[in-house]
Amino acid sequence: MKSLQPVRGTHDLLPDAFRRHRHVVERARAVAEAYGYQQMATPIFEFTEVFKRTLGDTSDVVSKEMYSFADRGGEEVTLRPENTAGVCRAVMSNGLRQNLPVKFFYDGPMFRYERPQKGRQRQFHQIGVELIGVEGPLGDVEVIALGAHILDALGILSRTKLELNTLGDPESRAAYRAVLVDYLSARRDQLSEDSRNRLERNPLRILDSKDEGDRRLVAEAPSFQEYLTPAARAFFATVTAGLDAVGVAYELNPRLVRGLDYYCHSAFEFTTTELGAQGTVMGGGRYDGLIEMMGGPATPGVGWAAGIERLAMMVADVPQPARAVAVVPVGADAEPAALRLTQELRRAGFAVDLGYSGNLGRRLKRADRIGARVAVILGEDELARGAAMVRDLDTGDQSEVALQALQGRLAQFR
């Protein structure tokens with residue numbers, strides 16, 4: 001029945017998948033906290049203007065991918081397609097500029113209407129960090145190093161490649177924009193319709209085009225590096241020297257760009273060959289003009305985001321949960337004692353499963369099915385002696401243990 005299926009581009013995170021999801025988040029959070037980044041969360045929907053103003057009307061995200069709607073009060077709202085704009089909005093609306101710099105880590109769902117593919121869904125999940133209020137290149141170094149550290153903690157850094165580029169400062173971009181417009185205008189008839197529209201409104205966004213014809217033109221366009229100011233070159237030199245100092249390997253990619261005006265200086269992506277054509281697992285950059293574009297004062301920022309689903313697909317081994325202790329009462333008269341024992345063991349830190357019904361055989365079958373490590377069998381005779389039968393479900397060995405010594409005996413099965 002169609003109505004009982006998940007919406008196309010969404011999926012259920014059942015226990016095995018969620019264990020991998022949680023592993024990614026918890027490892028990333030632990031590393032981020034070691035760098036001084038505190039966890040925060042923004043609402044999953046914002047006023048549409050938050051994203052339109054920052055992502056731009058001509059971007060694919062705004063024009064094709066956002067889930068926007070009018071709520072019952074007539075307000076135009078949008079499920080967040082990314083989280084940087086929401087974090088910057090939170091900095092302004094909560095008066096956090098007085099406490100700059102601020103360092104945030106987040107995780108949560110994002111929403112984009114696009115073709116579902118391997119590791120990419122219409123509802124997907126991201127981790128990310130934002131460092132707001134640091135204008136120097138050491139902020140870029142720290143954020144990139146943090147990303148590399150998280151990938152290393154997940155055991156996948158060696159299977160990724162860090163691609164790095166500079167987008168220069170506003171003066172560099174202005175000079176390059178003029179040259180790019182001249183180059184593309186002479187080839188206007190070869191551009192896609194979307195890029196022809198962008199040529200009038202924001203030509204730098206053509207650098208982000210996914211159209212193959214556009215990509216071929218962009219590949220032969222004049223190089224951005226030729227138009228960098230001395231200050232922009234010095235900034236980037238400090239970034240690369242910092243990465244060298246902390247041992248983060250990188251490859252320069254002069255075609256790695258961000259089409260949005262508020263990006264500047266460092267742009268970077270960690271990519272892999274293990275996830276098909278869309279190989280980016282973590283990407284980010286410096287966005288010094290974003291808060292100003294949102295109506296606030298000029299405020300520097302740098303950050304990145306990474307898809308949890310894609311990271312989880314690359315993680316080889318995820319710690320399994322503790323195997324449970326199965327408490328098995330024999331007969332209805334033993335059930336009250338089993339309930340009390342179950343709670344005592346859980347409060348002592350054991351993972352415990354209590355079969356809800358059935359005879360001894362059925363309850364032991366359930367214990368096998370859930371992968372329990374040991375069974376504690378409570379029969380009337382054992383309870384009369386203040387004891388329980390402990391059965392090792394891996395070996396089949398069993399012995400009677402006094403209830404007061406039970407926790408000590410079970411400790412070996414943790």
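No side-chain heavy atom of S68 sits less than 4.5 Å from a side-chain heavy atom of K52. By the 4.5 Å heavy-atom criterion applied to side chains, L364 and R391 are counted as neighbours. Side-chain contact between E142 and Y37 is present, with heavy atoms from C-beta onward closer than 4.5 Å. The closest side-chain heavy-atom distance from F224 to T166 is not below 4.5 Å. Side-chain contact check for L131 versus Y35: every heavy-atom pair is 4.5 Å or farther apart. Looking at heavy atoms from C-beta onward, R19 lies in side-chain contact with P321 at the 4.5 angstrom threshold. At a threshold of 4.5 Å between non-hydrogen side-chain atoms, the residues R27 and V315 do not count as touching.
Checked by atom type, the side-chain pair S223/Q225 shows a donor-acceptor distance below 3.5 Å. A donor and an acceptor atom, one from each side chain of Y287 and E130, are located under 3.5 Å apart. Side chains of D194 and S209: no donor on one and acceptor on the other come within 3.5 Å. Side-chain atoms of E269 and T280 form a donor-acceptor pair, as typed in the model, at a separation below 3.5 Å. A side-chain donor-acceptor contact under 3.5 Å links T299 and R97.
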Could you pull out every donor-acceptor pair under 3.5 Å between side chains of residues 177-186 and any protein atom, sequence neighbours left out?
from : atom 1 : to   : atom 2 : distance (Å)
Y183 : OH     : L217 : O      : 2.8
S185 : OG     : V181 : O      : 2.7

What pairs of donor and acceptor atoms, side-chain ones from residues 238-246 against any protein atom, are under 3.5 angstrom apart with sequence neighbours left out?
from : atom 1 : to   : atom 2 : distance (Å)
T238 : OG1    : A234 : O      : 3.0
T240 : OG1    : F236 : O      : 3.3
T240 : OG1    : A237 : O      : 3.0
D244 : OD1    : Y250 : OH     : 3.2
D244 : OD2    : Y250 : OH     : 3.4

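In summary, R198 and D214 do not engage in a salt bridge, as defined by a charged side-chain N under 4.0 Å from a carboxylate O. Note on K365 versus D368: no salt bridge recorded, every NZ/NE/NH1/NH2 to OD/OE distance being 4.0 Å or above.
No donor-acceptor distance shorter than 3.5 angstrom exists from the side chain of D353 to the backbone of A326, with no hydrogens or angles considered.
Taking the six-membered ring for Trp and thresholds of 30 and 60 degrees, F268 and F270 have ring planes more than 60 degrees apart, a perpendicular arrangement. In this structure, H11 and H125 have perpendicular ring planes: the angle between them is above 60°, well past the 30° mark.
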Please test F104 against V91 for side chain to side chain contact (heavy atoms under 4.5 Å, CB included), starting from the C-alpha separation and ending with a verdict.
-> CA-CA 10 Å; F104 291 131; V91 168; 4.1 Å; yes
